Novice: 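Take a look at this one; I'll ask things after.
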Amino acid sequence: MGIFAGIDIGSATSKVVIFKDDEVLSFVIIPSEVEWEAITKLAMEEALEKANLHHSNIDYIISTGYGRRTIDFANETISEITAHSRGTKWLHKNVGSIIDIGGQDSKAILLDENGGVINFAMNDRCAAGTGRFLEHMANVLGVRIDDMGDLSMASEKTAKISSMCTVFAESEVISLLAREWRKEDIIAGLHEAIAKRTSVMVRQCGVKKDVVLSGGVAKNRGMQKALEMELGTDIHVPKEPQITAALGAALLARKKARKA
Amino acid sequence: MPLTNEDLKWKSKLEKNFNEEMSTLVEEMKKRNNRPRNMEYFDKILVEMSGKRLEEIGAFKEEGGKVFGIFCMFVPEELFYATGAMPLRLFAGFQDAVRTAETILPRNLCPLVKSTCGCIMLKLGYYGICDSLVYPTTCDCKKKTGEIIVDYMPDTRVMTMELPHTANTTQARKLWLTEIELLKKKIEEIMNVKITKKKLKDTICLVNSKRRAVRRLCELRKAERPPISGSDAMYVTVLSFYDDIRRWTEKAEELCEELEERIQNNTSTLDIDAPRIMVAGCPIVPPNWKIPNLIEDLGAVITCDELCTGARGLWDLVETCEWTMDDMLIALAERYLTLACACFTPNNNRIERILNWVKDYNVDGVVYHALHACHLYGIEAFHVRKALEKARIPMLTIETDYGDDIGQLRTRVEAFLEIIRARKFARAEKFRAKKP
Ligand code: SF4
Ligand code: SF4
């Protein structure tokens, strides 16, 4: 059958998935650095080591993500949209809509029954409503980004945040703090604001059950809940929400190798 | 307003950038392999826009010729040629000029209008050469900016034309005909000549022959393996607005002959499986050629364009039964009202044409080009998408300006082409499965 690798080089993190027959052998998630090429090589080696393999064992490699063209050891590149749809469909057979919120961009994808892409939308140039935005707000609030989800679950009264521009939202947060709002409520407000913005994009493409949320931000339970409220539907989060695109790339590598 | 010293400094910097951008574009185009050899002429025209071509126009003026800037496709070129004047379409795709215009205009205007306004403010290249300017009441961006431009062209006579909001009613036709008659009078006055029947007939034929060349070029792109890239074909078409009309037509016909040979000898380098794309929407103007180049660099081929800077703007001929003055003017009015620009409501003609062209050119997907803050095309995308959905043709809307957003656009276009390829593949599989 063979062994395949999918690499997703995102703006915040890079992911590598090693895949064999019908299972994921190993995966690695590392922060992206300026030296994309070198850092991705490291991630690749780490993933291979975990799977007890060597580079020469791999039959086909496909890269995806923002930096997909920066590495020279991939056989092919594919867009994030196709990669996400393949990976998510494999993990969650009944997926209809995908929402992916990554470090610097967010996207919505509508799929047909066979997992083919019907429509997609992506946010534009700024990082409003993405992982970076939340990270920045965590800094302003003096909390850890990983704690934001749990903190927001303890909110009693959601604060109103009206701006999605990082700079303006920061001053809103500061003034809320000055007015002695609880951090929990402010975080819930930030989640709600992102959910509102994201939901427009999702509705542009069409909302179809099951709705699956992926990307780094999907690990934030508060974000999941806010989106559920906004879209009025259950939202499913895969166990490893960050690797869906890399997994999709690996699946496509398998398909390519089979055809050849 | 006279230019201050500061303006002049800024202007010379921009002139340099403008020429550089044009040359860079031409260099980029030249790099593509196996281009038709007749493209050489068109490359030259673009590079020489602020050189030889400008000198040529200057010489024309020195001999007493007059140049009319026209702000939009709706102004009938025929009337200018009929008096010996030269119409020049004023539109720009130059980012630096956008910043110039932003010093006086709100940010939220389409880049095409801002760039054109900036070029005129600084009298950049041929944007500073016009004796008169005609701007029709099309979109809000154009008509209100037209008012401001007047201040920057104090020695220039400025005329408006009232374009109706609908194209299909009797009143609209009447109004537009009156506007055309009025324009004719004004031009006659400025030029101090009478437009005779014969002159008008000759120039209708002249402009029609340009349009026939565009049609011929379009027809050739229908081939299974188009003999020319869409990027090149669109570039040839858009240059018809800068070049001398007779020379351009001759050169375009020569190009078409070469393309016919190419089809016969099967020398196209374009991949037979390449997704066939239509580009629809807002005008695309050099040097901002990122959309056509991006689409084709990713392995697709643009087989047709529905832009007023391309096939939509130049497709229809002026058709008259009798060559009487009245009939000719009516035919002119009718022709320009069929332009199917999004400034009309309703604009079903446009959607019909898009659907027809999708069939004729065997289009797999439509890339809808919406410039930032262009309400007309941005809103009309809704009905175009709906009609295409019914016809099972995918559409990708790209909202962009003249800035550098190639990275984001690339991901979108790439994903779109992947969708098209996947569908084509699935269709082929099904077809194969059906075969015994
Ligand atoms: S799109 Fe319409 S308004 Fe804009 S330049 Fe073309 S014809 Fe004029
Ligand atoms: S692109 Fe749109 S806003 Fe700009 S001039 Fe044309 S119709 Fe007007």
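Source: prediction; values computed, not measured. Computation of the quantities below employed the complete heavy-atom set of this structure, encompassing side-chain atoms and omitting hydrogens, waters and symmetry-equivalent molecules. Below, chains carry the letters A, B, ... as their sequence lines are ordered, and counting in each starts from 1.
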Novice: Should we count NZ of Lys20(A) as having more than 12 external heavy atoms under 6.0 Å?
Specialist: no
Novice: Which distance, rounded to the nearest 0.5 Å, do you find between the OG1 of Thr82(A) and the CD of Glu414(B)?
Specialist: 8.5 Å
Novice: To the nearest 0.5 Å, what is the distance between CZ (Phe120(A)) and CG (Leu396(B))?
Specialist: 5.0 Å
Novice: Distance check, rounded to the nearest 0.5 Å: Arg385(B) atom CZ versus Asn119(A) atom CG?
Specialist: 5.0 Å
Novice: Could you grab the distance from atom CD1 of Ile118(A) to atom CD1 of Ile419(B), nearest 0.5 Å is fine?
Specialist: 9.5 Å
Novice: Can you tell me how far OG1 of Thr397(B) sits from CD of Gln204(A), rounded to the nearest 0.5 angstrom?
Specialist: 9.0 Å
Novice: Taking atom OH of Tyr66(A) as the centre, report whether more than 12 heavy atoms of other residues, nucleotides or ligands fall under 6.0 Å from it.
Specialist: no
Novice: With a sphere of 6.0 Å drawn around CZ of Phe168(A), does it hold more than 12 non-hydrogen atoms of other residues, nucleotides or ligands?
Specialist: no
Novice: Less than 4.5 Å to any heavy atom of chain A: does that hold for the side chain of Leu298(B), its backbone, both, or neither?
Specialist: side chain
Novice: Quick one: what part of Arg392(B) sits under 4.5 Å from any heavy atom of chain A, side chain, backbone, both or neither?
Specialist: neither
Novice: Kindly compute the distance separating CD (Glu418(B)) from CD1 (Ile81(A)), expressed to the nearest 0.5 Å.
Specialist: 9.0 Å
Novice: Can you establish whether the number of heavy atoms outside Glu20(B) located under 6.0 Å from its atom CD is more than 12?
Specialist: yes
Novice: Taking only Lys NZ, Arg NE, NH1 and NH2, and the carboxylate oxygens of Asp or Glu, determine whether Glu80(A) and Arg412(B) approach each other closer than 4.0 Å.
Specialist: no
Novice: Among the options Arg423(B), Glu389(B), Arg410(B), pick out the one with the most heavy-atom pairs lying under 4.5 Å from chain A.
Specialist: Arg410(B)
Novice: Inspect the surroundings of NZ in Lys93(A) and state if more than 12 heavy atoms from other residues, nucleotides or ligands are less than 6.0 Å away.
Specialist: yes
Novice: Counting only heavy atoms closer than 4.5 Å, note whether Asn114(A) contacts chain B via side chain, backbone, both or neither.
Specialist: neither
